[in-house]
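Below you'll find the structure, written out as structure tokens, and then a few comments.
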There are 2 protein chains.
Amino acid sequence: MEKRPADIIAKDLEERIFDGTFSDGDRLDEVRLAEQFGVSRTPFREALQRLARSGLVELIPRRGAFVRQPGPVELMEMFEVMAEVEAVCGRLAAKRISDDALNDLREANIKCQAAVDQRDHIAYYAENERFHQIIYTQSGNSFLASEARALHRRLQPFRRQQLRLRGRMAQSMTEHRAVVEALESGDSEAAANALRSHVAIQGEKFHSLMATLRKAGE
Amino acid sequence: MEKRPADIIAKDLEERIFDGTFSDGDRLDEVRLAEQFGVSRTPFREALQRLARSGLVELIPRRGAFVRQPGPVELMEMFEVMAEVEAVCGRLAAKRISDDALNDLREANIKCQAAVDQRDHIAYYAENERFHQIIYTQSGNSFLASEARALHRRLQPFRRQQLRLRGRMAQSMTEHRAVVEALESGDSEAAANALRSHVAIQGEKFHSLMATLRKAGE
DNA sequence: AGTCAAGCTTTAGTATACAAGAATTGCTTC
DNA sequence: GAAGCAATTCTTGTATACTAAAGCTTGACT
């Protein structure tokens with residue numbers, strides 16, 4: 001895609017925020033980090049502003065850039081929005097999806113099932129990804145699809161963890177099947193509801209997972 | 001709020017794109033415009049990147065910044081998403097809205113009605129604005145509310161025109177009342193449907209308005 | 001001894017200078 | 001005369017130098 005320094009830096013910083021190298025509240029020193037990346041402050045600042053737009057860092061005037069991890073409340077809100085966005089994609093896709101895309105969905109689900117049988121988280125994750133991307137595209141609204149992808153991407157690191165929960169993959173599969181059924185029959189409301197609860201459950205699972213981790217950490 | 005040069009420039013440029021000073025495909029010359037704004041290229045470029053994020057300009061590497069007005073297809077898509085977003089806000093607000101906010105909505109509607117009676121587009125616009133803002137807030141999801149406001153703002157210049165259409169204000173009022181009724185009775189689905197069609201109609205009206213203008217221009 | 005102010009240091013914001021890439025124009029050749 | 005190539009010029013992207021503002025420290029005065 002793009003290979004300008006600012007893009008690379010933005011992506012790299014994003015990665016480091018996600019993987020915990022930078023934690024909440026950390027100040028991102030322009031001179032130090034720019035030097036570390038081997039560029040001057042100008043493109044580095046460009047990257048910072050990009051991250052600020054996506055909500056990963058907060059840019060306080062005359063103070064600097066600070067890492068801004070979403071707190072539990074904001075995360076719950078984002079999952080709720082994701083659930084509703086997917087519901088909307090499903091509602092529209094039910095009326096607009098092509099037969100080819102339906103086949104692709106079924107195929108993705110078959111591979112998902114294979115991954116469940118082999119307890120292969122990575123493979124499951126990849127096919128699950130494909131499943132959702134197809135639905136975004138088949139909403140027939142490219143603006144909606146791109147918004148959905150942006151939010152999906154932003155929640156990725158949080159969604160990833162909860163797949164490891166016991167039985168979650170199998171449960172997720174069942175939900176996927178309900179989605180495909182609704183889309184097959186062109187039932188907008190059913191598709192919307194199936195997708196909403198599918199994603200909402202992810203949010204809830206993540207929430208309880210966090211609570212558990214917090215407890216263990218004390 | 002903010003009063004940094006880049007913010008002012010971004011807002012000013014946005015204004016000029018909206019009011020037609022810059023039209024689709026125009027290149028925004030960095031040196032010329034920066035000089036015109038009385039700043040150097042650095043803060044001006046910052047403003048450009050901000051506009052690129054909101055989709056108003058396209059930043060082609062090593063080529064420059066070009067005004068990018070959404071075409072008819074993209075606009076329809078955006079209105080569709082706006083309709084669905086408002087529907088979601090309504091769905092959530094139906095369960096979460098406070099009595100105070102309900103009163104505010106009724107009050108806004110009364111003022112809307114007064115504006116309709118006086119054929120006062122400006123007053124109607126202001127109160128209509130308030131009406132929708134309240135619903136965003138009462139979704140109880142600040143992340144959703146902020147996304148809704150961003151899209152609302154982006155569609156503002158396009159929505160504004162169609163209020164002048166004969167009888168549109170009165171029709172809009174009726175739709176508002178249906179929304180309030182649904183929220184009063186806590187009926188999520190009814191609220192969602194009322195808001196979805198309310199906004200969808202705006203999109204359709206805008207579309208036909210554009211078709212008319214295009215015809216007249218030929 | 002505590003508090004307030006002044007200046008000192010640090011750092012964000014801005015300007016300018018420099019480098020690299022793309023486009024256009026003019027020249028040469030077929 | 002047209003087409004292709006090269007050079008020049010214009011413009012974006014990057015680095016660096018400068019400015020100004022915010023916070024901290026130190027010193028003086030109460």
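Just so you know, these numbers come straight off a predicted model, no measurement behind them. Sequence lines set the chain letters: A, B, ... in the order given, protein chains first and strands last, and positions in each chain run from 1.
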Can you tell me if B:Arg45 touches the phosphate of D:dG13, counting only side-chain N or O atoms and a distance under 4.0 Å to OP1 or OP2? yes

When you get a sec, tell me which of C:dG13, C:dG21, C:dT16 is the closest nucleotide to the side chain of B:Arg62? C:dG21

Please give, in whole Å, the distance from C:dA22 C1' to B:Ile60 CD1? 13 Å

By nearest nucleotide on DNA chain D, pick out whichever of B:Val31 and A:Thr42 is the more 5' one. B:Val31

Contact between A:Ser23 and A:Asp26 at the side-chain level, heavy atoms closer than 4.5 Å - yes or no? yes

Atom CD of B:Glu30 and atom P of C:dA22 are separated, to the nearest Å, by 16 Å

Rounded to the nearest angstrom, tell me the gap between atom CG in A:Leu33 and atom P in C:dT11. 12 Å

Taking atom C1' of C:dG13 as reference, at what distance in whole Å does atom CG of A:Leu59 sit? 11 Å

Kindly indicate whether the side chain of A:Arg41 and the base of C:dG13 share any N or O donor-acceptor pair separated by less than 3.5 Å? yes

Between B:Glu35 and B:Arg32, is there a salt bridge with N-O shorter than 4.0 Å? no

Protein-nucleotide distance (A:Glu58, atom CD; C:dA12, atom P), rounded to Å: 14 Å

May I ask you to test the B:Ile9-B:Phe44 pair for a side-chain heavy-atom distance under 4.5 Å? yes

Salt-bridge test for A:Asp12 and A:Arg16: reply yes if a basic N is under 4.0 Å from a carboxylate O, no otherwise. yes

Rounded to the nearest angstrom, tell me the gap between atom CD in A:Glu46 and atom P in C:dA12. 17 Å

Once you apply a heavy-atom cut-off of 4.0 Å, does A:Arg27 come out as touching a base, just sugar-phosphate, or nothing? sugar-phosphate

What I want to find out is whether A:Glu86 reaches A:Arg91 closely enough, with some N-O distance under 4.0 Å, to be called a salt bridge. no

OP1 or OP2 of D:dG23 sitting under 4.0 Å from any side-chain N/O of A:Arg63? yes

Rounded to the nearest Å, what distance is computed from the CZ atom of residue B:Phe44 to the P atom of nucleotide D:dT11? 13 Å

When rounded to whole Å, the CG to P distance for the pair B:Asp7 and C:dT14 reads 9 Å

